[in-house]
Engineer: 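Would you mind keeping the following structure in view while I ask a few things?
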Number of protein chains: 2
Amino acid sequence: MKSKTDKLDALRHSASHIMAQAVLKLFPGTKFAIGPSIENGFYYDFEFTEKMSEEALSGIEHEMGRIIREEQEFICEEITKKEARGIFGGQPYKLELIDGIEGDKVSTYRNGDFIDLCKGPHVRNTSEVKHFKLLKLAGAYWRGDEKNKMLTRIYGTVFPSEKELEEYIRVLELAKERDHRKLGKEMDLFSIHEDIGPGLIYWHPRGAMIRKVIEDFWREEHIKNGYELLFTPHIAKIDLWNTSGHTGFYKDNMFSTMNIDEMEYQLKPMNCPFHIMIYKTGLKSYRDLPLRWCELGTVYRYEKSGVLHGLMRVRGFTQDDAHIFCREDQLQEEIIKTIEFVIFILKTFGFEEYEVYLSTRPEKCVGDLKMWEKAEEALKKALIKTGLVYEVDPGEGVFYGPKIDIKIKDALMRTWQCSTIQVDFNIPERFDMTYVDNDGREKRTIMIHRALLGSLERFFGVLLEHHGGRFPLWLAPVQVDIIPIKEEQAGYAVSIMNKLKENGIRARINDKDSKLGKKIWSSRQMNVPYMAIAGDKEVKEGRISVRKLTGGDLGAMEIDNFIDILKEEIFLKK
Amino acid sequence: MKSKTDKLDALRHSASHIMAQAVLKLFPGTKFAIGPSIENGFYYDFEFTEKMSEEALSGIEHEMGRIIREEQEFICEEITKKEARGIFGGQPYKLELIDGIEGDKVSTYRNGDFIDLCKGPHVRNTSEVKHFKLLKLAGAYWRGDEKNKMLTRIYGTVFPSEKELEEYIRVLELAKERDHRKLGKEMDLFSIHEDIGPGLIYWHPRGAMIRKVIEDFWREEHIKNGYELLFTPHIAKIDLWNTSGHTGFYKDNMFSTMNIDEMEYQLKPMNCPFHIMIYKTGLKSYRDLPLRWCELGTVYRYEKSGVLHGLMRVRGFTQDDAHIFCREDQLQEEIIKTIEFVIFILKTFGFEEYEVYLSTRPEKCVGDLKMWEKAEEALKKALIKTGLVYEVDPGEGVFYGPKIDIKIKDALMRTWQCSTIQVDFNIPERFDMTYVDNDGREKRTIMIHRALLGSLERFFGVLLEHHGGRFPLWLAPVQVDIIPIKEEQAGYAVSIMNKLKENGIRARINDKDSKLGKKIWSSRQMNVPYMAIAGDKEVKEGRISVRKLTGGDLGAMEIDNFIDILKEEIFLKK
């Protein structure tokens, strides 16, 4: 795995050099900053002397082609900082970079007449960069700091084969079509009102119905799996957040406080301290544990307005949160159960591919080293038992304990981190959480934080793009649109709708337009999985003509037949 | 109705005079303030020269008895303020009251050697006050202002008959036993954590399960009744609240603002403006209306910490809110549907008695007078059509429109206002809400605000006291406790639990104690509706012995039999 990724990185990084080389050739006087490889491609940041537009990209591609055909070799050279300052004399960003490098020497890569500050690695020859494409322009602050100058970033991608490049371009197009912000508007699922608060989601009736179905499923499965529900407030005095430590290490992500009766209150960025307050209302015995407490808790976290993005990055979201309070001897079994539960839930929503990471103790951490070892061991063993393939991210655990992260892969080749399972030794200390063991002594409770979907808002966005709006039947907000061909069938349509509703089917009559074609078009536009069309013939025969959004014409059938088909599909959750 | 109430008021007010008369006799030097009749009784506020305790009450009752036996007549006299100042020279509270009265004269009532500033009415003779009792002492600020002196309030009650008095005393005792704060702790339903925020409710697993059952029922019934769900954020920029007018007329009940990106944000005290934002995201046609949008929306309202009371008066609560957006010609039918829906929901929760009030246009109001008339007419006609007995509260409507309030009567003879149906002309103006009518012209949308349960927290409190913790089966958080007599029956108990759970029954094993008697006691303590007891005999016969919390021993039966009994009872929601 690693070496394949490294090779791709080198290819992409080399393409970014070639792009910079082409840009400097075509636009003399351009200042160039940095140009790394990234997931699925590369970019380079430039300060142009004139305004740049996307039209320029094909010219740059053309020049890159010329460089590639020249079969220039990439040569690594270590030079002194003094030499480097000479070479990059007219390049202020490079000079700033040189100043930031430790020691007397810097590493450079040269190909043809182009040289760049660079640690590599690169491919051997520009001719290896065959299957590339420049994608778009964007603004980007130098060093990501909005106080600095805004540079022009050019994004591109490159793949080892033409086929892979084409597939990627196809997925990019698809992603544009499936953009959840676009689908959200077309299907009337949600809205955001920048003027009265960016990053806050308003769920419209159809979106809210999907959320309800998700929540109902989530709650029922949690109850089946031995969880109990909680509801907790959205605010608490700042004291609670001092005890939890959030005011120390999480302040930047918290909203400003409110003043009530001359005391500071904080809108919650987390649910954990609230669950702990409930834990602490009564003495707990070893027989009470494990306690598995879950809540669909809406939290508010500050994000800079510039990074907000539709449903994917917001300021207010509902976590599908849970905390498991257990004894040390229960830890491993609880982790196994949680992993199995995560996978079951993700599969039900149509996600079959995962990337699993085990993040271990970071340098800065709290708690007893022995406990860390035990917890990492428990997580590792649990992963092995469940048979999941995973990678270790050394030192990437949270300061309070190790964790497992599970990323899902969507239909657009992207990964999304949704699920997380974290062992926590710190918060039980801070809140002095204990239980009375069978020897009558007080012991420290262990706490597992976990989320399956992460944020309902973000998960909904991922789901929307994954399915391109064509939700599986069990999730579709309207499952059947009943279309009377003419007004004469209106009464029949109502009787069909009532029959479907009695059977728990979410049915609606689509009669907003007079023309059949337009009615069918609007049902398709809203991605309604089934249409039940009723004309004269259908009324006479007591039937309906059924069309499936993803499966064409199913012909005329009796309503009971149709209900059986629907129920079967809903039961299978496909 | 009215005259009976007036007579009772006179009786109670007379008793308060007699109490003050007795107090002044027994505790010379006492200053007396005011003493009105209230619902179910009366009180009088005093400034004593010494510390008062409840032991003193029987002495006061004794002296009151003497006054009553003296058959003193109540005599009304109008006197000049000057005369009054002479009479009440040593009574600073009375002097302050005299200063506040308009005109030159004041009204007094005299009986025996006692005189009080008073507009009456009173009974004719102290001998009519036969069946009375003094209940308790409490602190109360003069004029309800905490900057003033704290006085001692003595509460009492009086009824026309001994039987009514006894019944009331019995209910008072019952209310003490059923106090939701006491039951909430005993049954582990919820907690409040004063130290990190008074007036905020933490729902524990059992309480949260009841809330889940209520919410599920609420959502399903709303969908059946043509409502659609929404989810909206808990905060918005202050601008939204300026438009809605809340910053003007509701400021005292709002929390302080938060500062985000140098803009003020407000925690929501209401859901309405959010629903309106969704309404306004797209053009609406006359065919789209009515829209019935509901949300279990958690709101935060400031209340002084002194008035907070368990679940009944809180700072954060979840409204079962809905807004109906309709045309003028749809108004009446929507109101009828809403009233019928309210009554259905309240009945399901076991409330069969209501007081219904129609509140009409207040002096200070907004909007076209014709619209007011139409709306009042629509509300009145709807009430008549649904056959509900109602009283008119003239001028008690909200400034933006008339309303219907429905109060429920609980098992403790108390009334609680939960449901409200309000017509609103003002907010649609403020937000410029329109629809395109069939003539192509824009018309103003009408909005109905309504809540059925009011606040989930408060309703839960009322429900808890109404049922005294013995929830009907469909609401009970744990429906069946399975009690294995000895450890040997543990496996059998698990199989019974699994069978019950498969059938959707909330079952739990109660094996925390080794003694049968203690297990039974703890199930009763938690008010679990059914116990399924399994000993050697039951295991051998493949049966369980069933005990009903409210119905005694049902004998041994097969599990399928028991499930049938449970399902029938749950279905009936009794």
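Within every chain, numbering begins at 1; the chains are lettered A, B, ... in the order of the sequence lines, protein sequences first and strands thereafter. Since the model is a prediction, treat every value here as computed from it, not as a measurement.
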Engineer: Heavy-atom cut-off 4.5 Å, strictly under: side chain, backbone, both or neither for B:Ile201 against chain A?
Structural biologist: backbone
Engineer: Report yes if some heavy atom in the side chain of A:Leu229 is under 4.5 Å from a heavy atom in the side chain of B:Pro205; otherwise report no.
Structural biologist: no
Engineer: Could you tell me whether A:Lys212 and B:Glu228 have a side-chain N and a carboxylate O separated by less than 4.0 Å?
Structural biologist: no
Engineer: Which residue out of A:Glu220, A:Glu295, A:Met209 racks up the most heavy-atom pairs below 4.5 Å with chain B?
Structural biologist: A:Glu220
Engineer: Pick one of side chain, backbone, both or neither for B:Tyr202, based on which atoms fall under 4.5 Å of a heavy atom in chain A.
Structural biologist: both
Engineer: Is chain A contacted by the side chain of B:Pro477, its backbone, both, or neither, given a heavy-atom distance below 4.5 Å?
Structural biologist: neither
Engineer: Which residue out of A:Thr232, A:Asp239, A:Ile235 racks up the most heavy-atom pairs below 4.5 Å with chain B?
Structural biologist: A:Ile235
Engineer: When only heavy atoms count and the cut-off is under 4.5 Å, which of residues 253-266 of chain A reach chain B?
Structural biologist: A:Phe255, A:Ser256, A:Thr257, A:Met258, A:Asn259, A:Ile260, A:Asp261, A:Tyr265
Engineer: Please state whether the rings of B:Phe231 and A:Trp203 are parallel, tilted or perpendicular, taking 30° and 60° as the class boundaries.
Structural biologist: perpendicular
Engineer: Would you mind telling me which of A:Lys501, A:Lys224, A:Arg219 has the largest number of heavy-atom pairs within less than 4.5 Å of chain B?
Structural biologist: A:Arg219
Engineer: Among A:Lys185, A:Arg506, A:His234, which residue forms the greatest number of heavy-atom pairs with chain B at distances under 4.5 Å?
Structural biologist: A:His234
Engineer: Against chain B, label A:Ile238 side chain, backbone, both or neither, depending on which of its atoms sit under 4.5 Å from a heavy atom there.
Structural biologist: neither
Engineer: Does any backbone or side-chain atom of B:Leu291 lie under 4.5 Å from a heavy atom of chain A? Answer side chain, backbone, both or neither.
Structural biologist: neither
Engineer: Taking the basic N atoms (NZ, or NE/NH1/NH2) and the acidic carboxylate oxygens, is any pair closer than 4.0 Å for B:Lys237 and A:Asp195?
Structural biologist: no
Engineer: Against chain B, work out which of A:Pro233, A:Gly197, A:Ala208 has the most heavy-atom pairs shorter than 4.5 Å and name it.
Structural biologist: A:Pro233
Engineer: List in chain and number order the residues that pass side-chain contact (heavy atoms from CB on, under 4.5 Å) with A:Val478, two or more places apart in sequence or in another chain; answer none if no residue qualifies.
Structural biologist: A:Arg206, A:Asp481, A:Arg508, A:Val528
Engineer: What's the separation between atom CD1 in A:Ile196 and atom CG in B:Asn242, rounded to the nearest 0.5 Å?
Structural biologist: 12.0 Å
Engineer: Output the option from A:His193, A:Lys304, A:Arg211, A:Arg287 having the highest count of non-hydrogen pairs under 4.5 Å with chain B.
Structural biologist: A:Arg211
Engineer: Chain A heavy atoms under 4.5 Å from B:Thr298: which part of the residue, side chain, backbone, both or neither?
Structural biologist: side chain
Engineer: Give, for atom OG1 of B:Thr281 and atom CZ of A:Phe190, the distance between the pair rounded to the nearest 0.5 Å.
Structural biologist: 11.5 Å
